[in-house]
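Inspection log for the structure reproduced underneath, given as structure tokens.
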There are 2 protein chains.
Amino acid sequence: MEKTVTPAKTGTPPRADRKAQSWTQDPEGVRRSILDAARLEFVEHGLSGARVDEIAAKTATSKRMIYYYFGDKEGLYRAVIEEMYDRIRRFERGLDLGALPPDEAMAKLAGFTFDYHADNPDFVRMVMIENIHHARHLATSTKIATLNLSIIDVIREIYRRGVAEGLFRPGIEALDIHLTISALSFYNVSNRASIRQVFGHDMGAPDILPQRRQTAIDTVMRMLRA
Amino acid sequence: MEKTVTPAKTGTPPRADRKAQSWTQDPEGVRRSILDAARLEFVEHGLSGARVDEIAAKTATSKRMIYYYFGDKEGLYRAVIEEMYDRIRRFERGLDLGALPPDEAMAKLAGFTFDYHADNPDFVRMVMIENIHHARHLATSTKIATLNLSIIDVIREIYRRGVAEGLFRPGIEALDIHLTISALSFYNVSNRASIRQVFGHDMGAPDILPQRRQTAIDTVMRMLRA
DNA sequence: GATAAATTGTACCAACTGGTTCATTTGGTC
DNA sequence: GACCAAATGAACCAGTTGGTACAATTTATC
């Protein structure tokens, strides 16, 4: 962000000597830089609390480019949301649990999900913020509507095998399993601050987290066991 | 909100004929009215998204009185938060589970907690909002620090009895039990919008809620059973 | 009747904020 | 060398927003 030449101060920019600086053309890089800065700001302050000027300041580029690429504040917010959902979807797709016995597969899925949430508090906070806004942007996003649900299929298949092998009790909905895993993974992260405030325990602390993780996995397995 | 006399339009208010209206002095009523309006607005738009003028409009009184009683926007927000925590604490204290056998007591507690969250989405949303702000206002509130924890004692006692009677397995922390119950109660409400958007199911719908409720209770009981 | 607290209204302000305008240059590609 | 997209930068603006100033009146209390 260093300028070699002092910029003119008139409203109309100078003709010559504007900038001797050179720069590489890199649209993706600029978008990246803006998205990263925006994520930081939105995650920290929410949609209404985030300041465009603040995002611009965190960027390697300028406020000008934010509007150039994302149209307006909400467009930028939507882009951040979409990217985060893209990421967790890729994560879920990357799970390869088909080769494992059902109980191991389910325990592993629960563990992975727990870890993903614990490792990505930014994602958790964005989901919270989006829910505060009644998932309005999720609804208008064209990208998100088509995708998800894959995780439900994964769970359904593991569960089916588990029931067939007599390991799991029958009659449970795949969505119910997913919601239980999610709830137990999400809550510690989303409500970490209030839990610490009210009960004096920091669920994100490295000496407490593993215990909570084990409890979550055990709880899911016990929920399913025949 | 009817005025019998048209107010003067000068900056300096009129001397006479200001208002023939009479009103009863009712500080508590005015505070109530403001707090209710503020709750609606904060719950819907968050701390940064809420507009003081909008709160004033929802009030039976004026913006003037908001600052008169609560100092500033944050003071008002803090008052709303404190009141909500007061309410759930009273609810928790009101539970009388000591007379029931441990398993019944625990199931009833889980059910009550689930219902409280389902019936009070405003509370859930305020807790979300406060967590987005890292529970900063919970921390600075003098009222909240001293109180809670009673629910942990209730759980600890039920659990102790359950273990003594051989109904529950030993070695579980009371806080872990509470967090599990809370997570399973909170998540459906807090993430209702995104769940509906992504999976197409409205967890608050009257034909789905009871099933989710039962799953939550079952899950807690299975977590504990010896 | 005096005193203090509760209440009323509204115009107003300074700071902030999302978003735009203007004019221009540079890099890559064919 | 031409051409277009990428990139630059800072001033500026109109609308919003939390909060206040000012001046007065009414109600309850003793």
Side-chain angles (χ1 to χ4, degrees), chain A residues 1-34 38 41-42 45-57 59-78, chain B residues 1-34 38 41-42 45-57 59-78:
Chain A
M1 282 306 245
E2 295 275 304
K3 301 295 165 314
T4 36
V5 180
T6 318
K9 279 174 188 150
T10 35
T12 324
R15 286 95 254 254
D17 91 43
R18 180 67 172 299
K19 102 189 55 97
Q21 204 94 347
S22 72
W23 38 272
T24 26
Q25 207 162 334
D26 180 16
E28 262 329 294
V30 171
R31 285 181 70 97
R32 238 306 31 86
S33 169
I34 294 174
E41 178 77 2
F42 283 130
H45 304 286
L47 173 53
S48 346
R51 298 294 161 235
V52 177
D53 284 291
E54 196 52 41
I55 295 174
T59 293
T61 177
S62 68
K63 185 169 162 183
R64 188 71 176 61
M65 295 308 281
I66 294 178
Y67 288 95
Y68 183 71
Y69 277 116
F70 298 96
D72 60 10
K73 192 186 181 183
E74 289 224 358
L76 179 54
Y77 173 84
R78 212 179 307 121
Chain B
M1 281 303 247
E2 297 276 302
K3 300 293 166 311
T4 37
V5 180
T6 319
K9 279 174 188 150
T10 36
T12 324
R15 290 86 261 252
D17 93 42
R18 179 67 172 299
K19 105 190 49 97
Q21 203 93 348
S22 71
W23 38 273
T24 27
Q25 210 160 343
D26 179 17
E28 262 329 294
V30 172
R31 288 181 69 97
R32 242 294 43 79
S33 169
I34 295 175
E41 178 76 2
F42 283 130
H45 304 285
L47 174 53
S48 345
R51 298 294 160 237
V52 176
D53 284 291
E54 195 53 40
I55 295 173
T59 293
T61 177
S62 68
K63 185 170 161 182
R64 191 70 178 61
M65 295 309 281
I66 294 177
Y67 289 95
Y68 182 72
Y69 276 117
F70 298 97
D72 59 10
K73 193 186 182 184
E74 290 225 357
L76 179 54
Y77 173 84
R78 210 179 307 122

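Side chains are part of it too, since the values below use all heavy atoms of this structure and drop only hydrogens, waters and symmetry mates. Letters go in sequence order (proteins before strands), and every chain restarts at 1.
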Would you tabulate the pairs of protein nitrogen or oxygen atoms and nucleotide nitrogen or oxygen atoms of nucleotides 15-17 of chain D closer than 3.5 angstrom?
from, atom 1, to, atom 2, distance (Å)
D:dT17, OP1, B:Arg51, NE, 2.5

Answer yes or no: does a side-chain N or O of B:Thr61 lie under 4.0 Å from OP1 or OP2 of C:dT8? yes

Between the main-chain N or O of B:Arg51 and the side-chain N or O of B:Glu41, is there a donor-acceptor pair closer than 3.5 Å? yes

Whole-Å gap separating C1' (C:dG18) and CD1 (A:Ile66): 11 Å

Protein-nucleotide distance (A:Met65, atom CE; C:dG18, atom P), rounded to Å: 19 Å

Nearest whole angstrom, please: distance from the C1' of C:dG18 to the CZ of A:Phe42. 11 Å

Does a side-chain heavy-atom distance below 4.5 Å link B:Thr59 with B:Met65? no

Within the 4.0 Å heavy-atom criterion, would you say A:Phe70 contacts the bases, only the backbone, or no part of the nucleic acid? nothing

Judged by each residue's nearest nucleotide on DNA chain C, which is more toward the 5′ side, B:Val30 or A:Tyr67? B:Val30

Ignoring hydrogens, what is the shortest heavy-atom contact between B:Ser48 and A:His45? Give both atom names and the distance. OG-O, 4.2 Å

Report the C-alpha distance between A:Arg78 and A:Phe70 in whole Å, list the side-chain angles of each, state the deciding distance to 0.1 Å, and finish with yes or no for side chain to side chain contact (heavy atoms under 4.5 Å, CB included). CA-CA 9 Å; A:Arg78 212 179 307 121; A:Phe70 298 96; over 6 Å; no

Quick one: does B:Ser33's side chain have a donor or acceptor within less than 3.5 Å of a partner on B:Ala60's backbone? yes

Between A:Lys63 and A:Tyr67, does a side chain to side chain contact (heavy atoms under 4.5 Å, CB included) hold up when you go through it step by step? CA-CA 7 Å; A:Lys63 185 169 162 183; A:Tyr67 288 95; 3.9 Å; yes

Can you tell me the distance, in whole Å, between the CZ atom of B:Arg31 and the C1' atom of C:dT7? 15 Å

Mapping A:Arg64 and A:Tyr68 onto DNA chain D by nearest heavy atom, which one lands closer to the 5' end? A:Tyr68

Quick check on DNA chain C: between B:Glu28 and A:Asp72, whose nearest nucleotide comes earlier from the 5' end? B:Glu28

Tell whether A:Lys63 reaches the base of D:dG9 with its side chain through a donor-acceptor pair below 3.5 angstrom. no

Can you find a pair of side-chain heavy atoms, one from B:Tyr69 and one from B:Leu76, that are under 4.5 Å apart? no

Value in whole Å for how far the C1' atom of D:dG18 lies from NE2 of B:His45: 16 Å

